[in-house]
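Some notes on the structure that comes next.
Start at 1 and go down the list; that is how both ligands and their atoms are numbered.
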Amino acid sequence: MTRHAAIVGIGSYLPERRLTNTDLEAMVDTSDEWIVTRTGISERRLAGPDEATSDLGVVAARRALESAAIGPRSIDLLVVGTSSPDHIFPSTAALMQDKLGLACAAFDVMAACTSFIHALYTAASAIESGRATRALVVGADALTRHVDFTDRGTCVLFGDGAGAVVLEASDTPGVESIVLGTDGSGADLLKIPAGGSALPATEERCREGLQFVQMNGNEVFKFAVRAIPAATTQALAASGHAVAELVWLVPHQANQRIIATVADRLGMPEERVFSNVATTGNTSAASIPLALDDLYTSGRLAPNDLLALVGFGAGLTWGAAIVRWVLPTPIRED
Ligand SMILES: CC(C)(COP(=O)(O)OP(=O)(O)OC[C@H]1O[C@@H](n2cnc3c(N)ncnc32)[C@H](O)[C@@H]1OP(=O)(O)O)[C@@H](O)C(=O)NCCC(=O)NCCS
């Protein structure tokens with residue numbers, strides 16, 4: 001019998017502090033109207049001074065374990081997708097393993113905003129091959145720590161957060177297909193130049209702001225509206241499904257105009273393309289599991305729904321997963 005990987009638990013976390021467009025108006029030369037029209041974002045959350053990426057990830061992971069009704073000791077793999085790790089090393093996954101009380105291998109994967117899809121690919125492959133049975137897959141980022149809050153071109157876009165899923169071996173799919181892609185020739189379009197081995201963060205480089213996110217917004221926009229439909233189509237073909245069978249497309253939450261353009265290009269009604277970017281901003285690796293958890297907890301996912309989870313980001317990287325939802329719709333109290 002073929003061994004599959006299915007999502008059997010989900011959780012997410014947004015830090016408390018809200019940064020609204022009105023707050024940003026007081027910081028840089030921008031307006032609520034410009035930000036909403038160009039990005040669809042109204043507010044985003046900021047990690048507190050004592051909250052690092054691992055802390056955001058731990059809350060989301062605990063919630064995912066609770067939703068799967070399993071204890072930390074039955075997890076046999078932790079994969080954390082992030083591009084704002086607590087430190088260069090130890091990995092954020094190692095810190096989370098300790099904080100969560102797990103007894104398993106734990107490592108990070110880094111593919112900028114596509115990190116969660118890469119983490120899902122890694123964990124699903126481990127389960128399908130029989131090397132793991134229950135994996136915790138986390139997307140967590142405190143990317144605002146790397147944002148220059150005097151640069152209006154980038155500071156309005158990003159927010160912090162975390163999302164997590166528990167993946168378990170199953171006789172029925174689950175994660176039906178995953179495709180990944182990379183085009184390193186686009187590396188300069190979106191980058192944090194300093195702080196790595198190429199340009200250690202010296203005082204002079206920090207004065208120039210090279211430790212912050214730099215982006216060619218127009219080119220990244222054009223890439224995103226090409227990459228998402230292409231990756232979705234490729235993953236659908238790999239799983240033998242058509243766009244019309246998708247109940248939800250859950251794209252990386254970067255910009256409402258990207259999401260609307262993608263819906264149009266794929267021929268999907270906008271109401272089946274999930275968006276919560278208005279209240280989260282771009283939370284990088286966290287955005288897809290956060291969006292999925294929003295869909296789930298708001299009662300809009302039912303067992304057997306077919307979903308496409310699709311990411312893109314720096315690298316350039318992209319990835320898409322076709323997922324058969326198995327969790328029952330939660331009973332809501334309101
Ligand atoms: C960044 C982005 C919102 C900019 O929107 P845009 O419509 O392309 O705007 P432009 O960059 O062409 O800038 C238009 C003007 O607005 C100005 N502007 C930029 N940011 C501004 C802000 N926050 N407030 C007000 N004006 C702003 C620009 O300086 C420019 O002014 P100019 O015409 O006088 O030169 C858009 O390109 C985008 O979302 N790109 C994708 C980014 C992304 O998803 N990154 C993460 C990937 S994981």
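Protein heavy atoms are absent from the 4.0 Å sphere centred on atom 2 (C) of ligand 1. When distances from atom 8 (O) of ligand 1 to the protein are checked, a heavy atom turns up under 4.0 Å. Checking atom 35 (O) of ligand 1 against the protein gives no heavy-atom contact under 4.0 Å. For atom 30 (C) of ligand 1, the nearest protein heavy atom lies 4.0 Å or farther away.
In this structure a side-chain-to-backbone donor-acceptor pair under 3.5 Å is present from Thr329 to Leu301. In this structure, Asn255 contributes its side chain and Arg257 its backbone to a donor-acceptor pair below 3.5 Å. A donor-acceptor pair is defined here as one N or O able to donate and one able to accept, closer than 3.5 Å; such a pair exists between the side chain of Glu25 and the backbone of Asp32.
Salt bridge Lys222/Glu219: present, at least one basic N to carboxylate O contact under 4.0 Å. Contact check on Asp305 versus Arg324 returns no salt bridge, with no Lys/Arg side-chain nitrogen under 4.0 Å from an Asp/Glu carboxylate oxygen. Glu168 has a carboxylate O that lies under 4.0 Å from a charged side-chain N of Arg134, or vice versa, which qualifies the two as a salt bridge. Salt bridge absent: Arg45 and Asp160 never bring a charged side-chain N and a carboxylate O closer than 4.0 Å. Between Glu66 and Arg62 there is no salt bridge, since no side-chain N of the basic residue sits under 4.0 Å from a carboxylate O of the acidic one.
Looking at Val247 and Trp325, their side chains never come closer than 4.5 Å, going by heavy atoms from C-beta outward. Counting heavy atoms from C-beta on, the side chains of Leu316 and Leu189 come closer than 4.5 Å. Taking the side chain as every heavy atom from C-beta outward, Leu236 and Glu176 never approach each other to under 4.5 Å. Using a 4.5 Å heavy-atom threshold, the side chains of Leu95 and Pro90 count as touching.
Close contacts between ligand 1 and Leu190 involve ligand atoms 47 (C) [criterion: under 4.0 Å to a heavy atom]. For ligand 1 and Ile258, the ligand atoms under 4.0 Å from any heavy atom of the residue are 44 (O). Close approach to Cys113 involves these atoms of ligand 1, each under 4.0 Å from a residue heavy atom: 48 (S). Those atoms of ligand 1 with a heavy atom of Val156 less than 4.0 angstrom away are 23 (N). Contact atoms of ligand 1 toward Phe312: 47 (C), 48 (S) (distance under 4.0 Å to a heavy atom of the residue).
With a 4.0 Å heavy-atom cut-off, ligand 1 is reached by no atom of Thr154. Only the side chain of Trp34 comes within contact range of ligand 1, with a heavy atom under 4.0 Å; no backbone atom does. Contacts of Asn282 with ligand 1, taken as heavy-atom pairs under 4.0 Å, involve the side chain alone.
For atom 42 (C) of ligand 1, the closest non-hydrogen atom of the protein is Met215 SD, 3.6 Å. Scanning the protein for heavy atoms near atom 24 (N) of ligand 1, the closest one is Thr30 OG1, 2.6 Å. Taking atom 39 (O) of ligand 1 as the reference point, the nearest protein heavy-atom neighbour is Asn255 ND2, 2.7 Å. For atom 40 (N) of ligand 1, the closest non-hydrogen atom of the protein is Gly217 O, 2.9 Å. Looking from atom 44 (O) of ligand 1 to the surrounding protein, the closest heavy atom is Ala254 CB, 3.4 Å. Nearest protein heavy-atom neighbour of atom 5 (O) of ligand 1: Arg257 NH2, 3.5 Å. For atom 43 (C) of ligand 1, the nearest non-hydrogen atom of the protein is Val220 CG1, 3.8 Å. Closest to atom 14 (C) of ligand 1 among all protein heavy atoms lies Arg38 NH1, 3.6 Å.
Counted by atom type alone, Asp86 and Ser54 present one or more donor-acceptor pairs between their side chains at under 3.5 Å. Using modelled atom types, one finds a donor on one side chain and an acceptor on the other under 3.5 Å when comparing His252 with Ser287.
Among the atoms of Ala314, none of the N or O lies under 3.5 angstrom from an N or O of ligand 1. The shortest N/O to N/O separation between Arg152 and ligand 1 falls below 3.5 Å. The shortest N or O to N or O distance between Asn218 and ligand 1 is below 3.5 Å. Considering backbone and side-chain N/O atoms, Thr39 never comes within less than 3.5 Å of an N/O atom of ligand 1.
For Val28, the closest heavy-atom approach to ligand 1 does not fall below 4.0 Å.
Val166 is connected to Leu100 through a chain of hydrophobic side-chain contacts under 4.5 Å among Ile, Leu, Val, Met, Phe, Trp and Tyr, so both are in one cluster.
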